[in-house]
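Here is the structure we will look at.
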Amino acid sequence: MNVQWYPGHMTKAKRQMQEDIKLIDLIIELVDARVPLSSRNPDIDELGKNKSRLILLNKADLADERQNEAWKAFFQEKGFFVVKVDSRSGSGMKAIQNVIQEACKEKIERDRRRGIKNRPIRAMVAGIPNVGKSTFINTFAGKACTKTGNKPGVTKGKQWIRLNKGVELLDTPGILWPKFEDREVGIRLACVGSVKDDILNMEELSLNLIGFLREKYPGALKGRYGIEEEGSNVNLLEGIARARGCLKKGEELDYAKTAGILFEDFRSGRLGRITLEWV
Ligand code: G4P
């Protein structure tokens with residue numbers, strides 16, 4: 001299975017981000033907590049090499065809490081600041097304000113030495129499509145912010161959202177693409193719904209997911225569908241099809257429909273909190 005994905009936009013988005021990065025102190029990089037490595041862009045470390053770095057494990061509500069903690073430690077060890085967040089509910093937002101100050105301590109100190117007072121920290125949200133950038137910006141900025149217009153010294157057309165406590169956020173997120181050459185990366189991103197379903201073979205993908213779940217989260221499929229987790233992955237898919245009455249005309253099982261149900265259950269958390277990529 002080969003996963004392909006809007007390649008035409010990639011160069012433009014990257015160039016845009018290169019320009020925007022010149023204006024900021026801090027990169028707030030969103031990754032999907034269920035696939036923290038696969039949802040990272042390999043260029044971002046190079047692009048942001050002189051900037052303070054904060055990684056948000058977004059969609060932490062859908063991921064396994066033990067793995068969330070393990071990934072947090074993993075990235076912290078590499079020198080990143082890390083916060084687990086659920087951008088939809090707003091959980092984790094409070095912690096971010098303090099972590100931003102901590103992450104930009106050197107910049108604040110440098111300003112102080114030069115006699116510059118209250119220059120806001122400028123931050124940009126970055127990440128691959130569908131990781132939750134817009135949701136995060138909306139939730140984090142909330143109502144307690146104002147959009148600032150074009151100001152002298154700011155590139156024309158840039159919109160900044162002024163947050164509390166001396167932080168300004170660029171209102172357009174930096175979009176980057178994951179590493180698609182790696183087949184496993186493509187499969188993981190497809191499972192979490194970050195690749196359009198219509199270009200994928202969902203039935204094949206569902207067998208991948210079933211194989212992973214029965215190994216790492218035994219009981220999850222039984223708990224949801226009441227099926228025994230025995231036999232081949234195809235046997236389990238058949239079991240789910242029967243349990244959910246996915247039949248075509250006659251007695252033939254409808255695997256496409258079954259795969260659709262499985263992925264909807266997985267992506268919405270109804271199979272439990274599941275991390276596909278383990279530390
Ligand atoms: P993007 O700007 O990076 O492309 O992502 P966007 O904010 O559009 O979010 C993509 C999807 O992920 C949205 O769902 C959004 O609600 C969901 N999402 C974002 N952050 C979180 C999170 O922390 N937890 C959970 N559970 N979901 C999150 P959607 O299905 O595309 O839209 P909708 O049904 O929510 O309207």
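In each ligand, atom 1 is the first atom listed, and ligand 1 is the first ligand listed.
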Residue list, side-chain hydrogen bond (donor to acceptor under 3.5 Å, both in side chains) with [X], at least two apart or on another chain:
X      : answer
Glu184 : none
Glu29  : Arg40, Arg53
Arg244 : none

Exercise. Do Glu229 side-chain atoms and Lys222 backbone N/O form a donor-acceptor pair below 3.5 Å?
Worked result: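 Flag set: sc Glu229 to bb Lys222 pair under 3.5 Å.
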Exercise. Would a distance-only check, ignoring hydrogens and angles, find a side-chain to backbone donor-acceptor pair under 3.5 Å from Thr275 to Asp64?
Worked result: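 At least one qualifying donor-acceptor pair exists.
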For this session: Could you name the protein residues that come within less than 4.0 Å of ligand 1, counting only heavy atoms, and order them by chain and residue number?
Result: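 Near ligand 1, by chain and number: Asn58, Lys59, Asp61, Leu62, Asp86, Ser87, Arg88, Ile128, Pro129, Asn130, Val131, Gly132, Lys133, Ser134, Thr135.
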Exercise. Do Asp20 and Gln16 meet the criterion of a side-chain donor-acceptor pair at a distance under 3.5 Å?
Worked result: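 Yes, a side-chain donor-acceptor pair sits under 3.5 Å.
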